[in-house]
Number of protein chains: 2
Amino acid sequence: MLHSLRNYINRITSSTISDEEFKYGEAAFKMKTLKKKQFLLHEGSVCKFMSFIINGAMRQYHIDDKGNEHIISFGIEEWWISDRGSFTNLTPSRYNIDAIEDTNLLVTTRDEINSLKESSPLFLKMAHILDENSFIASQKRVEATISYTAEEKFIYLMETNPVFVKRFPQNMLASYLGITPETLSRVRKSLLGK
Amino acid sequence: MLHSLRNYINRITSSTISDEEFKYGEAAFKMKTLKKKQFLLHEGSVCKFMSFIINGAMRQYHIDDKGNEHIISFGIEEWWISDRGSFTNLTPSRYNIDAIEDTNLLVTTRDEINSLKESSPLFLKMAHILDENSFIASQKRVEATISYTAEEKFIYLMETNPVFVKRFPQNMLASYLGITPETLSRVRKSLLGK
DNA sequence: AAAATGGCTTGATATAGATCAATAATTCTA
DNA sequence: TAGAATTATTGATCTATATCAAGCCATTTT
């Protein structure tokens, strides 16, 4: 299980973490298993963890006044899932996080990750690069949502995250893109004839 | 001029940087002055710098096929402006960055900031917190753009960045929100009667 | 001071996408 | 494997917002 995290650290830091340094990390994480539809976080509570996905898939979403779900982010293998705003500022979360598939996670808390970042340079670097990449990806998504049509949004999703398109139901993809499932269905149909 | 940066570092790291440590930083930055409408970055070129705004205001935007501008971000006093994707991956930028007002900047390059982060713990911490905050803010903006109506988007902007609303022309605010200037004008009119 | 420019408002119309509703396909699950 | 639940499609409207167009301020420029 932990080798997945180790793999990830090596990949995104472009390094090879030593057994010794990785040992520090192991202690900071606890395994957690969720069945499909089980919750990791409920709206209103503080997000006290960051979770690394070993396998399975998760989503982070908000439910508005009309009961519509808006998916803020997906997570799959070797991604992190958390409400970073709530986690960092210890404020109540506006989001729910639940499992789209049966999922295995490595969970760590704020304190643990902070001391880990102090004791392990590679964990620190990893955290840094994670944030940097997250921001870059999020800003691109902002651009897509403010400037693209429904069709362009879907094409952009296929280009950036084809895995999502294969793996998640269309209603969730629509929610992630900020369009209705009906519109997504029509967009896909019209793309077939092109 | 540099005291503005010093101020910022102390503020966001919740520390007081020593004269000694700040000296390291000074060398990494060059002053730059831009008049209103002057460019800092043109679409197609690699963004080789990060710039800290001393005073004035900047914007980062993309121009689409139809000639419409889409503002990805604004920057004002004590904000950074850069295309982080291009900066980090050395890829050609999709964006323009220009001055909305006469602006003074402290400019630093990739190499300089990297070595600065190695030699100064507080600069490192600052960079880290900047990325973290940028991601959190960007993710909130994603939520707003995928789930809010035009009116809600504007209200959200007034809540999160009232300064922008006071300072920038409505057509730019509209572009930032992903709506037309006409719609923003009507939204504001309707809000007055509430 | 006239002219030009840029920004804002307002009205008329068009349209992309939402909503509502029904059916069909798929996949859980007991 | 039948029945239930979930997901996807399709059609008929509706509506929020875009588009097009004109006029009006307020600045800036000459």
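The basis for the numbers below is simple: all heavy atoms, side chains too, and nothing from hydrogens, waters or symmetry mates. Letters A, B, ... are given to chains in the order of the sequence lines, protein chains preceding strands, and every chain is numbered from 1.
Backbone-only engagement by B:I179 is indicated by non-hydrogen atom pairs under 4.0 Å involving sugar-phosphate atoms exclusively.
Taking the charged nitrogens against the carboxylate oxygens, A:D19 and A:R6 do have a contact shorter than 4.0 Å, which makes a salt bridge.
Figure legend: B:R11 and B:Y8 shown without cation-pi pairing, the cationic atom not lying both under 6.0 angstrom from the six-membered ring centre and within 45 degrees of its axis.
Residues B:S138 and A:S138 bring a donor and an acceptor atom of their side chains to less than 3.5 Å of each other. For the residue pair A:D64 and A:H70, a side-chain donor N or O sits within less than 3.5 Å of a side-chain acceptor on the partner. A donor atom on one side chain and an acceptor atom on the other are not found under 3.5 Å apart for B:E118 and B:S115. Between the side chains of B:S175 and B:E69, not a single donor N or O lies within less than 3.5 Å of an accepting N or O. In the model, B:N10 has no side-chain atom that pairs as donor or acceptor with a side-chain atom of B:T16 under 3.5 Å.
For the OP1/OP2 pair of C:dT9 and a distance below 4.0 Å, the side-chain nitrogens and oxygens of B:K189 include no atom meeting the criterion. The side chain of A:T180 places an N or O atom within less than 4.0 Å of a non-bridging phosphate oxygen (OP1 or OP2) of C:dA18. For A:K36 and C:dC28, the shortest distance from a side-chain N or O to OP1 or OP2 is below 4.0 Å. Neither OP1 nor OP2 of C:dG17 sits under 4.0 Å from any side-chain N or O of A:T183.
Between the CG atom of B:L184 and the C1' atom of D:dT17 there is a distance of 12 Å, rounded to whole Å. Per the geometry, NE2 belonging to B:H70 stands 11 Å off P belonging to D:dA18, to the nearest Å. One interatomic measurement links the two molecules: NZ of A:K66 to C1' of C:dA18, which rounds to 10 Å at whole-angstrom precision.
Within residues 154-177 of chain B, the residues having any heavy atom under 4.0 Å from DNA chain C are, by residue number, B:P169, B:Q170, B:N171.
Among A:D83, A:I97, A:N96, the one residue that satisfies the side-chain contact (heavy atoms from CB on, under 4.5 Å) test with A:E43 is A:N96.
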Practice item. Fill in the dot-bracket string of DNA chain D, one character per base: . for unpaired, | for a pair to another strand, ( ) or [ ] for pairs within the strand, taking Watson-Crick or G-U pairs under 3.5 Å. Key: ||||||||||||||||||||||||||||||
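Side-chain atoms of A:E182 and base atoms of C:dC20 include a donor and an acceptor less than 3.5 Å apart. For A:R186 against C:dT19, a side-chain N or O and a base N or O form a donor-acceptor pair under 3.5 Å.
The B:S185 side chain lies nearest to C:dT9 when the options are C:dT9, D:dG11, D:dT17.
Here A:F74 and A:Y176 bring their ring centres to under 6.0 angstrom of each other.
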